[in-house]
There are 2 protein chains.
Amino acid sequence: MREDTSKHSIDTRSRILDAAEALFMEHGFDGTSMRLITAQAGVNLAAINYHFGSKELLFQEVFRRRLTDLNRRRIEALDALEAEAGGAPLKPSRIVEAFFGTALRMAADVEGGGHTFMRLLGRTYTEPNDFVRQFLAEEYAECVDRFLAALYRALPEVARTEILWRFHFMMGAMSYAIAGTDALQLLAGKFDDEDPARLASRLMSFLLGGLRAPLADPGPA
Amino acid sequence: MREDTSKHSIDTRSRILDAAEALFMEHGFDGTSMRLITAQAGVNLAAINYHFGSKELLFQEVFRRRLTDLNRRRIEALDALEAEAGGAPLKPSRIVEAFFGTALRMAADVEGGGHTFMRLLGRTYTEPNDFVRQFLAEEYAECVDRFLAALYRALPEVARTEILWRFHFMMGAMSYAIAGTDALQLLAGKFDDEDPARLASRLMSFLLGGLRAPLADPGPA
DNA sequence: GTATGATTAAAACAGTTGTTTGAGTTTGTG
DNA sequence: CACAAACTCAAACAACTGTTTTAATCATAC
């Protein structure tokens with residue numbers, strides 16, 4: 001519950017956060033018990049409720065400590081693009097790169113924990129828990145609004161609904177790509193080595209291809 | 001545990017399966033209790049263990065009764081394509097249409113339960129439970145092998161690793177698109193009405209755009 | 001050193017989990 | 001009708017859930 005205090009406790013806090021991040025990623029929210037987290041972190045069971053208040057609040061803190069950073073960096077990248085363009089509309093591919101490239105760079109950081117977190121994030125997009133969805137939506141709101149506005153301006157001739165859908169599809173491809181590479185080995189066998197580093201460039205060209213694809217036939221009304 | 005028997009029990013069985021399908025979709029495997037399922041199905045708590053053996057086996061049966069059908073239809077569509085081509089290599093877009101279009105048509109069937117199931121399936125790709133992943137991988141193996149082989153033959157000049165990745169990305173975009181339309185409202189507000197019917201054509205043109213995108217720069221080795 | 005507050009520790013809390021039991025009811029067959 | 005199998009039911013099982021409590025330990029300022 002405390003904000004932050006002596007060095008004694010900040011160690012316990014971050015040990016809990018690290019263990020929780022890895023375990024939530026592996027087993028989901030409902031599948032991860034407090035006893036599992038505290039055992040892996042090497043702290044007492046009551047420490048979670050003492051430091052975070054509840055399991056839900058711990059979960060939110062696991063996200064907040066990284067997601068705030070991620071979305072801030074995304075917005076900074078967009079700011080830089082707009083400053084560079086000086087009022088002129090941006091290239092859609094640059095916008096997409098700013099949003100997804102930033103995330104993919106975080107996912108490539110294995111030692112710092114960014115990789116684990118991005119896998120957790122990818123899975124959490126489809127988490128069934130209500131409070132998780134609402135929390136994520138709030139945490140994303142500002143960043144998504146900024147990027148959608150930029151895309152609307154960059155593609156004035158395209159219906160906004162279509163841009164929304166494409167953005168949605170791109171989110172899905174990225175989430176799944178990050179969350180699923182070593183999770184569900186549906187395409188078993190052939191993925192293994194050397195690849196994670198090149199995931200970013202592969203995914204990015206796929207996303208841009210999808211973004212640039214001709215709009216679908218509206219079909220029979 | 002029984003294979004199938006009197007009309008008394010097949011009603012109980014399918015009532016359980018229907019309730020479980022909807023609840024697993026809404027709350028996930030760990031988040032759905034047996035008491036919740038049996039209450040919604042209007043049957044006794046012990047009925048699940050009696051008819052299916054365990055919660056895990058019920059979960060698998062929820063998938064098997066629809067997934068077997070889906071993948072069989074996919075393979076039939078591919079068979080039809082190959083018969084029509086008579087030995088000539090297929091157009092990649094036709095292959096992709098056979099795989100994803102079949103799924104999207106199932107997802108468009110709201111009354112028959114296909115919609116609910118496909119949303120469940122989309123979420124389950126990133127389910128953290130071990131037995132779920134292994135079960136899905138087995139259930140998909142034959143179908144995925146057939147379609148990958150077809151894509152390899154249709155795109156002989158493209159490295160197989162690249163095809164694998166693109167297939168992976170396409171799976172992600174579709175899963176997320178189906179599972180997430182009314183789940184995580186990250187792109188809140190603007191999706192609502194009239195759209196679900198046109199999801200298929202929108203997604204398909206996005207997927208094909210991604211599939212046709214120029215290959216990524218291999219980058220620094 | 002002693003007092004003060006922050007942190008940790010072990011134990012217990014009430015509630016929920018999936019599963020099993022054993023008696024009851026229904027169903028189909030001779 | 002009688003018999004046996006299939007099925008349903010309420011109750012209980014032990015194990016586990018997140019949380020709280022109470023006492024012990026630690027760090028720090030006076």
Side-chain angles (χ1 to χ4, degrees), chain A residues 1-24 26-63 124 127-132 135, chain B residues 1-24 26-63 124 127-132 135:
Chain A
M1 278 297 200
R2 299 252 54 74
E3 276 307 293
D4 77 293
T5 34
S6 61
K7 44 196 111 162
H8 199 177
S9 79
I10 63 169
D11 182 54
T12 300
R13 270 182 66 96
S14 62
R15 290 248 295 282
I16 291 174
L17 286 170
D18 289 341
E21 184 174 66
L23 289 169
F24 283 144
E26 201 167 352
H27 305 113
F29 180 77
D30 288 321
T32 303
S33 71
M34 316 252 303
R35 283 160 181 84
L36 198 61
I37 298 171
T38 51
Q40 173 140 334
V43 303
N44 187 270
L45 169 61
I48 289 181
N49 288 284
Y50 178 78
H51 284 284
F52 300 95
S54 72
K55 189 187 178 186
E56 288 200 2
L57 289 171
L58 165 63
F59 188 82
Q60 296 190 11
E61 187 56 31
V62 166
F63 278 80
T124 308
E127 251 282 341
N129 272 353
D130 294 334
F131 90 92
V132 172
F135 166 73
Chain B
M1 277 300 198
R2 298 251 53 75
E3 276 308 295
D4 75 292
T5 35
S6 62
K7 44 195 109 160
H8 200 176
S9 80
I10 63 169
D11 182 55
T12 300
R13 271 183 65 97
S14 61
R15 290 248 295 282
I16 291 174
L17 286 170
D18 289 342
E21 185 174 66
L23 289 169
F24 282 144
E26 200 168 352
H27 304 114
F29 180 77
D30 288 320
T32 303
S33 72
M34 315 254 304
R35 284 161 180 84
L36 197 61
I37 298 171
T38 51
Q40 173 140 333
V43 304
N44 187 271
L45 169 62
I48 289 181
N49 289 285
Y50 178 78
H51 285 285
F52 301 95
S54 71
K55 189 187 179 188
E56 287 201 2
L57 290 170
L58 166 63
F59 188 81
Q60 296 190 10
E61 187 56 32
V62 166
F63 279 81
T124 307
E127 251 281 338
N129 271 350
D130 294 334
F131 88 93
V132 172
F135 166 73

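Labels below follow one simple rule: chain letters A, B, ... track the order of the sequence lines, proteins then strands, and each chain is numbered from 1.
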| query | OP1 or OP2 of D:dA6 less than 4.0 angstrom from a side-chain nitrogen or oxygen of B:His51, does that happen here? | reply | no
| How close or far is atom C1' of C:dG18 from atom CD1 of B:Ile37, stated in whole angstroms? | 11 Å
| message | Under a 3.5 Å distance rule, please check whether B:Lys55 uses its side chain to pair with a backbone N or O of B:Ser33 as donor and acceptor. | response | no
| message | Return a single string for nucleotides 9-18 of chain D, one symbol per nucleotide in 5' to 3' order, where B is base contact, S is sugar-phosphate-only contact and - is none, cutoff 4.0 angstrom on heavy atoms. | response | BB-B----BB
| Given atom CD1 of A:Ile48 and atom P of C:dT8, what is their separation to the nearest angstrom? | 12 Å
| said: What is the distance, to the nearest angstrom, from the CD1 atom on B:Ile16 to the P atom on C:dG18? | reply: 14 Å
| task | Quick one: list whatever passes side-chain hydrogen bond (donor to acceptor under 3.5 Å, both in side chains) with A:Glu21, sequence neighbours left out. | result | A:Arg66
| field | Rounded interatomic separation in angstrom, taking OH from A:Tyr50 and C1' from D:dT25 | value | 12 Å
| query | Please walk me through it: do B:His27 and B:Leu36 pass side chain to side chain contact (heavy atoms under 4.5 Å, CB included)? | reply | CA-CA 11 Å; B:His27 304 114; B:Leu36 197 61; 4.1 Å; yes
| field | A:Thr32 to A:Leu23 - nearest heavy-atom pair and separation | value | OG1-O, 3.1 Å
| Mind checking what makes side-chain hydrogen bond (donor to acceptor under 3.5 Å, both in side chains) contact with B:Asp18, not counting sequence neighbours? | B:Arg65
| note | Output for pair (B:Leu17 CG, B:Thr12 OG1), nearest 0.5 Å, gives 11.0 Å
